[in-house]
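These notes concern the structure reproduced below.
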Amino acid sequence: MKKIFLSFFILFIIVQFIPIEQTNKTINKHLEISTPEDVKYIFKQACYDCHSEQTVWPYYSNIAPFSWIISSHVNDGRKALNFSTWNTYNKEKKEKKMKAIFRKVYASMPLASYILLHEEANINKEQRNLIRKWTGIKKY
């Protein structure tokens, strides 16, 4: 039993040396999304850690295997929607993203696993309605 525990401990130490990229690019404010302050506040509380270049990397994001999961979520989130580069999207892409925002604020975002560690990201019904109203989409 001690050998198994020691083996896992050594493996845990070794995987800490696998580099994981955790970056935030410099933000050009001109490219960032423009929204009313109340909507922007909600986005910053609930969405920006995965969907912008303003990710706050918590201490546990440097500990494998958590670092792998968190980095993967952030990279996937930025690929899906990046509020920091919103104004690089053409009109068609913005409309597509708005429809996705409209759907996902009720269906799946923010992720439940994120909310467990970030209670402030839990969006209430009123906030969801504000976001959906901001999208300008009546129904999907």
Side-chain angles (χ1 to χ4, degrees):
M1 188 68 167
K2 284 184 182 182
K3 285 184 180 183
I4 292 171
F5 178 76
L6 185 60
S7 296
F8 277 114
F9 181 73
I10 290 169
L11 181 61
F12 177 78
I13 298 300
I14 291 170
V15 298
Q16 302 311 309
F17 293 99
I18 298 173
I20 298 294
E21 184 178 341
Q22 296 180 338
T23 60
N24 289 332
K25 296 176 185 167
T26 303
I27 303 166
N28 180 341
K29 292 290 184 187
H30 183 75
L31 299 178
E32 197 172 22
I33 192 167
S34 296
T35 61
E37 286 303 313
D38 54 353
V39 174
K40 191 165 202 157
Y41 175 80
I42 299 166
F43 286 159
K44 284 186 175 189
Q45 290 291 112
C47 310
Y48 269 42
D49 273 350
C50 291
H51 295 284
S52 80
E53 299 296 338
Q54 297 180 40
T55 303
V56 176
W57 298 98
Y59 74 91
Y60 53 85
S61 71
N62 294 306
I63 302 168
F66 306 111
S67 59
W68 306 336
I69 296 166
I70 294 167
S71 293
S72 176
H73 281 204
V74 171
N75 290 333
D76 291 346
R78 287 176 179 171
K79 285 178 191 168
L81 170 65
N82 190 333
F83 289 114
S84 296
T85 60
W86 180 265
N87 286 324
T88 64
Y89 299 160
N90 62 32
K91 182 181 179 187
E92 203 173 286
K93 191 171 184 177
K94 284 180 182 178
E95 288 175 5
K96 184 179 175 184
K97 299 295 182 187
M98 296 282 259
K99 286 180 183 177
I101 292 168
F102 179 88
R103 282 191 327 267
K104 295 199 180 238
V105 296
Y106 275 95
S108 60
M109 290 292 159
L111 297 175
S113 58
Y114 182 76
I115 294 171
L116 281 174
L117 297 171
H118 303 273
E119 286 182 35
E120 73 282 0
N122 197 5
I123 302 172
N124 64 38
K125 186 176 181 178
E126 180 183 324
Q127 291 170 319
R128 291 178 199 280
N129 286 334
L130 274 173
I131 292 170
R132 290 185 82 177
K133 182 180 175 186
W134 168 79
T135 67
I137 298 168
K138 300 298 178 204
K139 63 181 178 177
Y140 185 78

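Since the structure is predicted, the reported quantities are computational estimates derived from the model, not experimental observations.
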Side-chain donor-acceptor distances from residues 61-72 under 3.5 Å, at least two apart:
residue	atom	partner	partner atom	Å
Ser61	OG	Pro58	O	2.6
Ser71	OG	Ser67	O	3.0

For residues 119-127, please give each side-chain donor-acceptor pair under 3.5 Å, one per line with the distance, not counting sequence neighbours.
residue	atom	partner	partner atom	Å
Asn124	OD1	Glu126	N	3.1
Asn124	OD1	Gln127	N	2.7
Gln127	OE1	Asn124	N	2.9

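Each salt bridge (charged side-chain N to carboxylate O under 4.0 Å, His left out) pair with one or both residues in residues 59-71, not counting sequence neighbours, would appear here, but there are none. Residue pairs meeting the salt bridge (charged side-chain N to carboxylate O under 4.0 Å, His left out) criterion with at least one partner in residues 45-59, sequence neighbours excluded, are Glu53-Arg78. Evaluation of the salt bridge (charged side-chain N to carboxylate O under 4.0 Å, His left out) test over residues 8-18, restricted to residues two or more places apart or in two chains, returns none.
How far CD1 of Ile131 is from NZ of Lys40: 13.5 Å, rounded to the nearest 0.5 Å. Distance check, rounded to the nearest 0.5 Å: CZ of Phe43 to CH2 of Trp86 gives 7.5 Å. In this structure, the separation between NZ on Lys44 and CZ on Phe83 is 11.5 Å, given to the nearest 0.5 Å.
Every side chain to side chain donor-acceptor pair (under 3.5 Å) that Lys94 has, sequence neighbours left out, goes to Asn87. Lys93 meets the side chain to side chain contact (heavy atoms under 4.5 Å, CB included) test with Tyr89, Asn90, Lys97; sequence neighbours excluded. With sequence neighbours excluded, no residue forms a side chain to side chain donor-acceptor pair (under 3.5 Å) with Tyr48. Legend: residues meeting side chain to side chain donor-acceptor pair (under 3.5 Å) with Tyr59, ordered by chain and number and at least two apart, are absent. Thr135 meets the side chain to side chain donor-acceptor pair (under 3.5 Å) test with no other residue; sequence neighbours excluded.
The other residues sharing a hydrophobic cluster with Met109 are Leu111, Tyr114, where clustering joins ILVMFWY side chains under 4.5 Å apart.
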Verdict with supporting geometry, Glu95 and Lys99, side chain to side chain contact (heavy atoms under 4.5 Å, CB included): CA-CA 6 Å; Glu95 288 175 5; Lys99 286 180 183 177; 5.6 Å; no

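Here the closest heavy-atom approach between residue Ser113 and residue His73 is recorded as OG-CE1, 4.4 Å.
With hydrophobic clusters built from ILVMFWY side chains whose heavy atoms lie under 4.5 angstrom apart, Trp134 shares a cluster with Leu81.
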